[in-house]
Amino acid sequence: QVQLVESGGGLVQAGGSLRLSCAASGRTFSRYVMGWFRQAPGKEREFVAAITWSGYNTAYADSEKGRFTISRDNAKNTVYLQMDSLKPEDTAVYYCAGGTTWTSFAGTYADWGQGTQVTVST
């Protein structure tokens, strides 16, 4: 019912930056929460960041805090993830997610994008 499409992934050198975008279409709830998760080969999907509908409240995993910034533009139904000071360990498929609960647990998000690959080289 809600479609999320990520874009902006690619190849970048360590220390570089990327900006991911997630565009939402279809029906969304008034209290829609959006987040980012990532999954590397052989690893479990892990929480990256989340943002509330108002945009005032954000949450980050410890490994990303201080380097990544999540933001949203409700008029455009789009959430962004600005990634700076990228490290090889950030290499993963990044997924956009949406839901109605403020949470860092993937199982509570109802809507998911197809993912976009981020590769950080040394």
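The analysis underlying the following values was restricted to heavy atoms, covering all of them including side chains, and did not include hydrogens, waters or symmetry mates. Numbers here simply count residues along the sequence, with the first being 1. These numbers come from a predicted model, not from an experiment.
Here the side chain of Arg38 pairs no donor or acceptor atom with the backbone of Val118 at under 3.5 angstrom. A donor-acceptor contact shorter than 3.5 Å is absent between the side chain of Thr103 and the backbone of Thr108. Side-chain atoms of Glu6 come within 3.5 Å of backbone N or O of Cys96 as a donor-acceptor pair. Without hydrogens or angle criteria, Thr78 side chain to Lys76 main chain gives a donor-acceptor distance under 3.5 Å.
The OG1 atom of Thr69 sits 11.5 Å away from the CD atom of Glu64 when rounded to the nearest 0.5 Å. Note that OG of Ser21 is 13.5 Å distant from CZ of Arg72, once rounded to the nearest 0.5 Å. In this structure, CG in Leu86 is found 6.0 Å from OG in Ser17, a value given to the nearest 0.5 Å.
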(request) Could you check Lys43 against Glu89 for salt bridge (Lys or Arg N to Asp or Glu O under 4.0 Å), going step by step and ending with a plain yes or no? (result) CA-CA 12 Å; Lys43 299 289 186 179; Glu89 64 191 65; over 6 Å; no

(request) Kindly determine whether Gln3 and Trp112 satisfy side chain to side chain contact (heavy atoms under 4.5 Å, CB included), including the steps that lead there. (result) CA-CA 7 Å; Gln3 184 178 7; Trp112 291 85; over 6 Å; no

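Counting only residues at least two apart or in different chains, ring pair (Phe, Tyr, Trp, His ring centres under 6.0 Å) contacts with residues 87-111 comprise Phe37-Tyr109.
Counting heavy atoms from C-beta on, the side chains of Trp36 and Ile70 come closer than 4.5 Å. Side-chain contact check for Thr52 versus Tyr32: every heavy-atom pair is 4.5 Å or farther apart. The shortest side-chain heavy-atom distance between Arg67 and Lys87 falls under the 4.5 Å cut-off. The side-chain heavy atoms of Asp90 and Met83, taken from C-beta on, include no pair separated by under 4.5 Å.
Counting only N and O atoms by type, the side chains of Tyr80 and Asp73 include no donor and acceptor under 3.5 Å apart.
Val48 and Val33 are assigned to two separate hydrophobic clusters, defined by single-linkage of ILVMFWY side chains at heavy-atom distances under 4.5 Å. Leu81 and Val12 end up in the same hydrophobic cluster when Ile, Leu, Val, Met, Phe, Trp and Tyr side chains are linked at under 4.5 Å. Transitive grouping of hydrophobic side chains (ILVMFWY, heavy atoms separated by less than 4.5 Å) brings Val2 and Leu20 into a common cluster. Linking ILVMFWY side-chain heavy atoms closer than 4.5 Å, directly or via other members, places Leu18 and Val120 in a single hydrophobic cluster.
Minimum heavy-atom separation, Val93 to Gly115: CG1-CA, 3.8 Å. The heavy-atom pair separating Val79 from Ile51 by the smallest distance is CG2-CG2, 3.9 Å. Listed here is the closest heavy atom pair of Ala14 and Pro88: CB-CD, 4.1 Å. For the pair Ser121 and Leu11, the tightest heavy-atom approach, listed with the atom from each and the gap, is CB-CD1, 4.3 Å.
Other residues, nucleotides and ligands contribute over 12 non-hydrogen atoms within 6.0 Å of the CD atom of Gln117.
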